[in-house]
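Protein chains get the first letters and strands the later ones, always in sequence-line order, with residue 1 at the start of each. Predicted model, so just to flag it, every value in this text is computed and none were measured. Side chains included, hydrogens not; waters and symmetry mates left out as well; all remaining heavy atoms used.
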There are 2 protein chains.
Amino acid sequence: MNNESKKVSNEVIKRLPRYYRYLGELLKNNILRVSSKELSEKMNVTASQIRQDLNCFGGFGQQGYGYNVESLYKAIGEILGLYNGQKTIIIGAGYLGHALANYKSFENRGFKLIGIFDTSPDKIGKSLNNHEILSMENIKAFVDKNKPDIAILAVPKVAAPEVAQQLVNLGIKGLLNFCYTDILVPDDVSVENVHLSDSLMTLSYKIANKNKHI
Amino acid sequence: MNNESKKVSNEVIKRLPRYYRYLGELLKNNILRVSSKELSEKMNVTASQIRQDLNCFGGFGQQGYGYNVESLYKAIGEILGLYNGQKTIIIGAGYLGHALANYKSFENRGFKLIGIFDTSPDKIGKSLNNHEILSMENIKAFVDKNKPDIAILAVPKVAAPEVAQQLVNLGIKGLLNFCYTDILVPDDVSVENVHLSDSLMTLSYKIANKNKHI
DNA sequence: TAGATTGTTAATCGATTAACAATC
DNA sequence: TAGATTGTTAATCGATTAACAATC
């Protein structure tokens, strides 16, 4: 579609949310302008990297002045697709599902929670953060009707591959996967994994090998 | 301490848990040996990368044969510090704290949950996965006595910096941070962040820009 | 032994940093 | 205008991949 775009590296993309967060803080503190140098000191990265990263998407700054905080904040939000009102469903109403359903940043960042699903009769029909927990039996009808953009997978690990497959078949194009398994999807579907075990093990490594890194 | 060790890059460290997971699967399926080529096909990485990564820590394979699954699995577990029985506490007994306290992989990977803390009188004294929720007022005494290795931060964002500081002052050397804020710690303390908002935004970007990546 | 596959060195590729002309 | 800071090119650094001798 956009034929002038060169490939933006994954490293850059992973840094965008962090820029967005720091700019949001500045905005909250009524700071109107920031230079790459100032921002780099706050964020503990190089000014050069910030300028390179931003210039993947366009020239947002002004020589001699720096960047307008508000307009850069909005531009990055735009790039991240946060103003698309992405409709989100949560699959699995266990503790993790509860935590996610009550997660404030959700709505704050432009995501709209539109449904929560589970298979357990104990949970179906109950209310969670103003949403009725729906039966997985109704998921097809729901997705056909409401066309969610993102599904958050918070089911037990064993159920993950089947549920993921089902969601992909129904046409969901984005999965946030909390299950401790890699999920195979077609090329036109995006998956982002949150593997708590991996984070915990990485931390464990760092603690165990701290002396080697000082 | 280990003066022959060259610095292991962060990229390599982040991949170790995934190797560990795949080797665990092989082991579960009674597969005794694996070559870097076979593993690379399963994991969708290059065989060269696997061999390079492993050789940061030693020669675990055997020419003409490949790797013994069980001994490599154990070796990586060792490297990750999973057999150190790392004592872990959870700070914050909200939905996220509940999800974490009930997280099975925890104990499966050698971490020992030894305490859960909260500030809310509603929660203190209640039981969570066989642990009594303790008051934050008692944290100093608890840490002094039980010397936990890892603290998982699952408190509201506003409380995060103060609580983190408190934990560091008490001598905790590892923090798993679920709060949406960067935490500043001394050099001898390790922090691993799990920023759900970041993952969600990265996913949002991928969905919004899918066409550019095919 | 012949075949397979490692460990390791060398080549390539990509990401980060530095430098500086352009320009506000 | 002079000073500041960007956008962008060039240099450096590091990570990934390829190649192959060593060896089981």
Can you give the first and last nucleotides of DNA chain D, 5' to 3', that have an atom under 4.0 Å from a heavy atom of chain A? D:dA4 to D:dA10
For residues 105-117 of chain A, which side-chain N or O atoms pair as donor and acceptor with protein atoms under 3.5 Å away, sequence neighbours left out?
from, atom 1, to, atom 2, distance (Å)
A:E107, OE2, A:L113, N, 3.4

Main-chain N/O of A:D198 paired to B:R18 side chain as donor or acceptor, under 3.5 Å: no
Would you indicate what A:S9 reaches in the nucleic acid, counting non-hydrogen atoms under 4.0 angstrom: base, sugar-phosphate, or nothing? sugar-phosphate
Heavy-atom contacts under 4.0 Å between residues 22-35 of chain B and DNA chain C, which residues? B:R33, B:S35
With nearest nucleotides of DNA chain C determined for A:S48 and B:G58 from heavy-atom distances, which residue corresponds to the more 5′ nucleotide? B:G58
Scan every strand shown for a Watson-Crick or G-U wobble partner of C:dC13, both distances under 3.5 Å, and answer none if you come up empty. D:dG14
Member of B:T119, B:I172, B:V163 meeting the side chain to side chain contact (heavy atoms under 4.5 Å, CB included) criterion with B:I91: B:V163
What do you reckon, are the aromatic ring centroids of B:Y95 and A:Y95 less than 6.0 Å apart? no
State whether the side chain of A:D149 and the backbone N or O of A:K87 hold a donor-acceptor pair below 3.5 Å, judged by distance alone. yes
Side-chain donor/acceptor of B:N29 to backbone N/O of B:E25, under 3.5 Å: yes
Within 45° of the axis and under 6.0 Å from the centre of the six-membered ring of B:Y65, does NZ or CZ of B:R33 qualify? yes
According to the Watson-Crick and G-U wobble definitions, with both distances under 3.5 Å, which nucleotide is paired to C:dA22? D:dT5
For DNA chain C, whose closest nucleotide is more 5', that of A:Q62 or that of A:N10? A:N10
Closer than 3.5 angstrom, by distance alone: can the side chain of B:S35 be matched with the main-chain N or O of B:G66 as a donor-acceptor pair? no
